[in-house]
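Positions are given from 1 along the sequence. Just the heavy atoms: all of them, side chains too, but no hydrogens, waters or symmetry mates, feed the values below.
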Amino acid sequence: MVRRTESDEDSDERMAEAQPQIDSLQTAAADAEARAATARTELAAAKQARTSAEAQLAEVASGREAAEVELSRLRSDVEEVRTQLSEAAVKYREAKLSAAPEVPADLVPASESLAEIDEGFEAAQRVVGQLKERMAEERQSARVPVGSPTRRGAPDLSGLSAAEKIRVGLKELSEREGR
């Protein structure tokens, strides 16, 4: 038979005392492993979310660059249209003025708005019309009748013969030439 010694008994006691600690440590290790596995899963999900967010950010940045390029192009188009509108307004004003040469160019504003040009042109036409009316009234009031002036004191030759009328006419002619 095997004899147990005191040191074996001490060992068994210590082992019995250590067993709850070993069990506790094994439980803690299993918990730690489970938490580590959960942390690894969460880390993988966080890495995937980060990658997705970076891709979205790159897409947004690319979209922003495209939007800035489009905005720049639109601004350029708007400036070109403004220039064309300004040139068209100048040509429109010139065409209106050439169609009505009696309207002074100073009375029609040089504007980019066709409505302003039309309003100014209509106002200028009213002014020109009023001036024409006034000038016509002035001409009418200062009008002298057309024709030869009236004769003063002309003798009545109705009772004279043709030969006497000729003699009177030659006499008046010689008097006029003598003057």
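In this structure, the side chain of Ser72 does not engage the main chain of Glu68 through any donor-acceptor pair within 3.5 Å. Ser52 contributes no side-chain N or O that, together with a main-chain N or O of Gln48, makes up a donor-acceptor pair within less than 3.5 Å. In this structure a side-chain-to-backbone donor-acceptor pair under 3.5 Å is present from Ser98 to Glu94. Distance alone, capped at 3.5 Å, places no donor-acceptor pair between the Glu65 side chain and the Ser62 backbone. Here the side chain of Thr51 pairs a donor or acceptor atom with the backbone of Lys47 at under 3.5 angstrom.
In this structure, the separation between OG1 on Thr83 and CD on Glu112 is 8.5 Å, given to the nearest 0.5 Å. From Thr38, atom OG1 reaches atom CG of Asp31 across 10.5 Å, with rounding to the nearest 0.5 Å. Interatomic distance, CD of Glu175 versus CG of Leu170, reported as 11.5 Å (0.5 Å rounding). Taking CG of Asp77 as the reference point, atom CZ of Arg82 lies at 12.0 Å (rounded to 0.5 Å). In this structure, the separation between CZ on Arg126 and CD on Gln130 is 8.0 Å, given to the nearest 0.5 Å. To the nearest 0.5 Å, atom NZ of residue Lys91 and atom CD of residue Gln84 are 9.5 Å apart.
Glu54 has a carboxylate O that lies under 4.0 Å from a charged side-chain N of Arg50, or vice versa, which qualifies the two as a salt bridge. Note on Glu138 versus Arg134: no salt bridge recorded, every NZ/NE/NH1/NH2 to OD/OE distance being 4.0 Å or above.
Counting all heavy atoms, side chain and backbone alike, Leu97 lies closest to Pro104 at CD2-O, 4.3 Å. In plain terms, the two heavy atoms of Ala16 and Pro20 that are nearest each other are O-CD, 3.1 Å. Closest approach of Ser111 and Glu116 over heavy atoms only: OG-OE1, 2.8 Å. Between Gly120 and Pro109, the closest heavy-atom pair is CA-CD, 3.7 Å.
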For this session: May I have the step-by-step check of side-chain contact (heavy atoms from CB on, under 4.5 Å) for Ser76 and Arg73, ending in yes or no?
Result: CA-CA 5 Å; Ser76 174; Arg73 186 188 64 77; 5.6 Å; no
Exercise. Would Phe121 and Leu107 satisfy side-chain contact (heavy atoms from CB on, under 4.5 Å), going step by step from the backbone distance to the final call?
Worked result: CA-CA 7 Å; Phe121 186 77; Leu107 297 179; over 6 Å; no
Exercise. Given Lys132 and Glu102, is the side-chain contact (heavy atoms from CB on, under 4.5 Å) satisfied, shown in steps?
Worked result: CA-CA 10 Å; Lys132 281 183 178 180; Glu102 71 275 4; 4.1 Å; yes
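Within a 6.0 Å radius of CD in Glu33, no more than 12 heavy atoms belonging to other residues, nucleotides or ligands are found.
Between Lys96 and the options Leu114, Asp118, Val108, a side-chain contact (heavy atoms from CB on, under 4.5 Å) holds for only Asp118.
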